[in-house]
Engineer: 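Once you've had a glance at the structure underneath, I'll fire off some questions.
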Amino acid sequence: MKLFLSLLSSATAVSSVLGAVLDKRANPKGIDVSAYQPSVDWATVKANGVSFAYIKATEGTTYTNAYFSSQYTGATNAALIRGAYHFAHPDSSSGATQATYFLAHGGGWSSDGITLPGALDIEYNPSGAECYGLSASAMVSWIKDFSNTYHSKTGVYPVIYTTTDWWTTCTGNSAAFGSTNPLWLAHFASSIGTTPAGWSYATFWQYADSGTNPGDQDEFNGSMAGLQAIAKG
Ligand SMILES: *[C@@H]1O[C@H](CO)[C@@H](O)[C@H](O)[C@H]1NC(C)=O
């Protein structure tokens, strides 16, 4: 009986150590929100253990999220690390034009330790050809134009949000961004799956489109100190 109990308690200890190692929730948690979440209770989000947020700022050169300011201010006041994202419309204007529009409407960056680099949301066309009618090489050039423009104005490269499936189809699985742009990969599953060419890991993982907190559910792949370092540049 005594032996049995001690085996039981060491088995429990081993499984809780393994649990901590394997539990993705040990990484800093985040959310991303848009106009679909007009009033976020940021204090509750923070109390639930969320550390960071991405907030939709712009789309193409014709759309700004009407709730951006209040969401961004709310996240700031709740002491979250936060940043903005831009939904790309590569068929409507150049990457440089859209980066400039994003920067003018909330997408800026400074090395204040609480601002994440702006993110380029590049993915399935919501209304039309999956790749917006661009060839893979034209798509890579468009992303480079956006990324280089953002970098020249802020000093940091934008985060790239995508899925492995879209990236493979629409950029020909380009490896051109892995050494410069942090990857934010969407994959709604219990593990992140294959990353696109050029990246050996994802910096951010969007693992669900709903959950305890408003918006999509994300995590940072690293420690809190690592997250703060990205916000520092
Ligand atoms: C997190 O990053 C490490 C490298 O720092 C990598 O080995 C691991 O696969 C990454 N995990 C995810 C879920 O991307």
Side-chain angles (χ1 to χ4, degrees), residues 14-33 45-46 48-56 80-88 109 111 113-124 139-140 143 146-147 150-151 155-233:
V14 167
S15 92
S16 69
V17 168
L18 274 178
V21 169
L22 296 174
D23 186 355
K24 62 186 167 62
R25 288 170 301 177
N27 288 336
K29 290 199 291 176
I31 59 172
D32 61 272
V33 297
V45 166
K46 173 74 174 179
N48 287 343
V50 170
S51 304
F52 70 94
Y54 265 109
I55 298 163
K56 182 170 184 173
L80 295 188
I81 292 177
R82 76 286 182 272
Y85 76 89
H86 173 79
F87 190 97
W109 182 83
S111 174
I114 60 167
T115 307
L116 295 169
L120 175 66
D121 176 353
I122 182 108
E123 54 159 300
Y124 307 96
M139 185 64 79
V140 169
I143 298 168
F146 184 100
S147 179
Y150 191 89
H151 178 256
V156 290
Y157 285 98
V159 168
I160 293 177
Y161 167 98
T162 195
T163 73
T164 298
D165 172 68
W166 186 89
W167 190 263
T168 303
T169 303
C170 297
T171 73
N173 206 16
S174 171
F177 301 92
S179 62
T180 44
N181 302 70
L183 175 65
W184 177 10
L185 196 65
H187 188 65
F188 300 162
S190 59
S191 65
I192 194 161
T194 309
T195 46
W199 288 283
S200 56
Y201 63 92
T203 298
F204 296 100
W205 175 21
Q206 186 189 70
Y207 61 87
D209 59 358
S210 64
T212 310
N213 293 293
D216 302 312
Q217 316 289 301
D218 301 278
E219 69 166 43
F220 174 70
N221 182 12
S223 63
M224 196 59 204
L227 181 64
Q228 284 158 345
I230 288 194
K232 209 69 190 142

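In each ligand, atom 1 is the first atom listed, and ligand 1 is the first ligand listed.
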Engineer: Would you verify that at least one protein heavy atom lies under 4.0 Å from atom 14 (O) of ligand 1, or report that none does?
Structural biologist: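 Yes, at least one protein heavy atom sits under 4.0 Å from atom 14 (O) of ligand 1.
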Engineer: Just need the protein heavy atom nearest to atom 2 (O) of ligand 1, so name the residue and atom and give the distance.
Structural biologist: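 So the nearest neighbour among protein heavy atoms is N221 ND2, 2.4 Å.
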Engineer: For D216 and Y54, test the side chains for any donor-to-acceptor distance below 3.5 angstrom and give the result as yes or no.
Structural biologist: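 Absent: no donor and acceptor within the cut-off.
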Engineer: Of the options D32, D218, N221, T162, which is the one that meets W184 in a side chain to side chain donor-acceptor pair (under 3.5 Å)?
Structural biologist: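 That would be D218.
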Engineer: In terms of residue, atom name and distance, what is the protein heavy atom nearest to atom 9 (O) of ligand 1?
Structural biologist: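 Here the nearest protein heavy atom works out to Y201 CB, 4.3 Å.
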Engineer: Check whether W199 reaches the backbone of N181 with its side chain - one donor and one acceptor, N or O, closer than 3.5 Å.
Structural biologist: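 Flag set: sc W199 to bb N181 pair under 3.5 Å.
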Engineer: Which pairs with one or both residues in residues 162-209 pass disulfide bond (SG atoms under 2.5 Å apart), sequence neighbours excluded?
Structural biologist: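 Every disulfide bond (SG atoms under 2.5 Å apart) pair that includes a residue of residues 162-209, provided the two are not neighbours, is C131-C170.
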